**Student:** 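Mind having a look at this structure? Questions to follow.
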2 protein chains.
Amino acid sequence: MKLNTKSRYAVMALADMAVFSSNNAVSLRDISLRQGISLLYLEQIFLRLKKNNIVKSVRGINGGYILVKSPKELKISDILLALDQKVKTIGCKKDSKKSCNGKSTKCITHNFWDELDIHINSFFENKKLSDLLKNREARI
Amino acid sequence: MKLNTKSRYAVMALADMAVFSSNNAVSLRDISLRQGISLLYLEQIFLRLKKNNIVKSVRGINGGYILVKSPKELKISDILLALDQKVKTIGCKKDSKKSCNGKSTKCITHNFWDELDIHINSFFENKKLSDLLKNREARI
DNA sequence: AAAAACTTGACTATTTTAGTCGGGTATATA
DNA sequence: TATATACCCGACTAAAATAGTCAAGTTTTT
C-alpha cells in the first residue's frame, strides 16, 4: 500500500513553501532545486493544486505560487483530495460498482474496510501542514 | 492509496473460513463460490498464506485449508505481511535507498510519513480476524 | 482407479504510474 | 519594448505493477 508520488511530492512541495515563502511567491524552480523534484513534474502537480484552490499563482518574472490558506489552516486531506480526487482509499473488490461479492448483501469484510478508511482519513483530516514543520531536526 | 486485491481477497477468504469451517478443512472451491473470487487466483493467494504459516493444507478428497491460529489470535497484520512482504507503507520518495531528497538529512516530510505508517499499522496490528465477524449484518 | 483438491512456476493482458515534451501565455524589469 | 522568467496545459510514453490464467503436475480418499 502506498500513496502515489504526486501526493507525496505535493505535500513535500507545500511544506517547502511554508518554510521558504516570506510573503513572496515561491517559484517551482526553487522548490525543484531544494527538494530534488523534477520541475516538469512539479508543474503538473501545481496545476492541480491550483485548480483545487490550494495555491494561487503569480505569473511573470519573480512569479511563483502562494498558499491560499495559512499552513495552520491547511489540512493534509485537502492536499490529497486535490491530487487523488478521492478520499475513499480501499474497497472490498476492484469493481465495486456492483456489490462487493456480486450478491445483494455487503460482503464479510465490507465494514472492516470502511473502518480502516475512517481511521486513515481522520489522520489526514487532523494534520495540518504546519504540523509537519514542528520539531523537525531535518532542514533542507 | 489502496491495498492490492491479493491482500483484500486474502482477508475475505480467511474470514469466510472462520465462518464456515466447523473443524473441517475448507476447500478453495467452496470459498470461490461463496465469495465470488476466481479459484485459480485463490490458489495463488493460499500458496503464500501457507508458506507464511497462516493456514495449513489437507490434500485429497475432502481436503482444503485450515487456519493455523484461531480467528481470535490471528492478526490482520499477519495476513497482510504474508502477501505484501512489507508492513512499511509509505515513504517520502520512490527511490528511498538514497536519502529522501538526495541530501544527507531527512526531508521535511520524513517524520510525517513515519507517523502515518505507525498509525496505519497499529490498526492492522490490533485487529483480529474475529473482529471482522462481530456485529456484521451482512451474511454471505 | 478415479475424482477431488492442493502445488507450482510461468505466462500475459491490462492498467497505472511516473515523468517528459512541446508549444504556448503573462508580466516585471532593464 | 525586448526579453527572460515563470506559469499553463494537453498529449504522450516507457516502465512497472496488477490481476488473473494456464498447464502440468502430486496427494489422498473412497
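The analysis underlying the following values was restricted to heavy atoms, covering all of them including side chains, and did not include hydrogens, waters or symmetry mates. It should be emphasised that the depicted structure is a prediction, and the values quoted were computed from it without experimental measurement. Residue numbers begin at 1 in each chain, while the letters A, B, ... track the order of the sequences.
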**Student:** With clusters defined by side-chain heavy atoms of hydrophobic residues (ILVMFWY) lying less than 4.5 Å apart, directly or transitively, does B/Tyr41 cluster with B/Leu14?
**Tutor:** yes
**Student:** Applying side-chain contact (heavy atoms from CB on, under 4.5 Å), can you list everything that pairs with A/Ala25, at least two apart in sequence or on another chain?
**Tutor:** A/Val58, A/Ile66
**Student:** Applying side-chain contact (heavy atoms from CB on, under 4.5 Å), name anything that partners A/Ser27, two or more places apart in sequence or on another chain.
**Tutor:** A/Arg29, A/Asp30
**Student:** Please work out if B/Phe46 contacts a base, only the sugar-phosphate, or nothing of the nucleic acid, heavy-atom cut-off 4.0 Å.
**Tutor:**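 Here B/Phe46 touches no strand at all.
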**Student:** Would you say the side chains of A/Lys50 and A/Ser57 form a donor-acceptor pair under 3.5 Å?
**Tutor:**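 Per modelled atom types, A/Lys50 and A/Ser57 side chains form a pair under 3.5 Å.
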**Student:** To the nearest Å, how far apart are A/Asn52 CG and D/dC8 P?
**Tutor:**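 It works out to 14 Å between those atoms.
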**Student:** Atom CZ of B/Arg48 to atom P of C/dC6: distance rounded to whole Å?
**Tutor:** 18 Å
**Student:** Nearest whole angstrom, please: distance from the P of C/dT17 to the OH of A/Tyr9.
**Tutor:**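 Taking atom P of C/dT17 as the reference, OH of A/Tyr9 is at 14 Å.
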**Student:** Return the value, rounded to whole Å, for the distance between atom CG of A/Asn4 and atom C1' of C/dT15.
**Tutor:**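 Those two atoms, CG and C1', are 14 Å apart.
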**Student:** Return a single string for nucleotides 25-30 of chain D, one symbol per nucleotide in 5' to 3' order, where B is base contact, S is sugar-phosphate-only contact and - is none, cutoff 4.0 angstrom on heavy atoms.
**Tutor:** BBBBBS
**Student:** Has B/Thr5 got a side-chain N or O lying under 4.0 Å from the OP1 or OP2 atom of D/dA19?
**Tutor:**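 Yes, B/Thr5 has a side-chain N/O under 4.0 Å of OP1/OP2 on D/dA19.
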**Student:** Using atom NZ of A/Lys6 as one end and atom P of C/dA18 as the other, report the distance to the nearest whole Å.
**Tutor:**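 It is 7 Å, rounded to the nearest whole Å.
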**Student:** Do B/Ser21 and B/Asn24 have a side chain donor and acceptor closer than 3.5 Å?
**Tutor:** no
**Student:** Would you say D/dC8 has OP1 or OP2 under 4.0 Å from some side-chain N or O of A/Ser57?
**Tutor:**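 Yes.
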**Student:** Taking a hydrophobic cluster as the set of Ile, Leu, Val, Met, Phe, Trp and Tyr residues connected by side-chain heavy atoms closer than 4.5 Å, whether directly or through intermediates, do B/Leu42 and B/Phe20 fall within one such cluster?
**Tutor:** yes
**Student:** Round to the nearest Å and state the distance from A/Lys56 atom NZ to D/dC8 atom C1'.
**Tutor:**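 Atom-to-atom, A/Lys56 to D/dC8, this comes out as 18 Å.
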**Student:** Which whole-number value in Å describes the distance from A/Leu42 CG to D/dC7 P?
**Tutor:**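 Result: 10 Å.
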**Student:** Polar-atom pairs under 3.5 Å, protein N or O versus N or O of nucleotides 8-12 of chain C: list them with distances, or write none.
**Tutor:**
none

**Student:** Applying side-chain contact (heavy atoms from CB on, under 4.5 Å), can you list everything that pairs with B/Leu39, at least two apart in sequence or on another chain?
**Tutor:**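 Listed in chain order: B/Leu28, B/Ser32, B/Glu43.
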**Student:** Using the ring pair (Phe, Tyr, Trp, His ring centres under 6.0 Å) rule, collect all pairs that involve residues 42-71 of chain A, keeping only residues at least two apart or in two chains.
**Tutor:**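 Residue pairs with at least one partner in residues 42-71 of chain A: A/Phe46-A/Tyr65.
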**Student:** Are A/Glu125 and A/Lys75 close enough for a salt bridge, meaning some N to O gap below 4.0 Å?
**Tutor:** yes
**Student:** Counting heavy atoms from C-beta on, name the nucleotide in C/dA18, D/dC7, D/dA6 closest to the side chain of A/Tyr65.
**Tutor:** D/dC7
**Student:** Can you measure B/Ile45 atom CD1 to D/dT18 atom P for me and round it to whole angstrom units?
**Tutor:** 13 Å
**Student:** The side chain of B/Ser27 is closest to which nucleotide in this list: D/dC8, D/dA19, C/dC6?
**Tutor:**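 Of all the options, the side chain of B/Ser27 is nearest to C/dC6.
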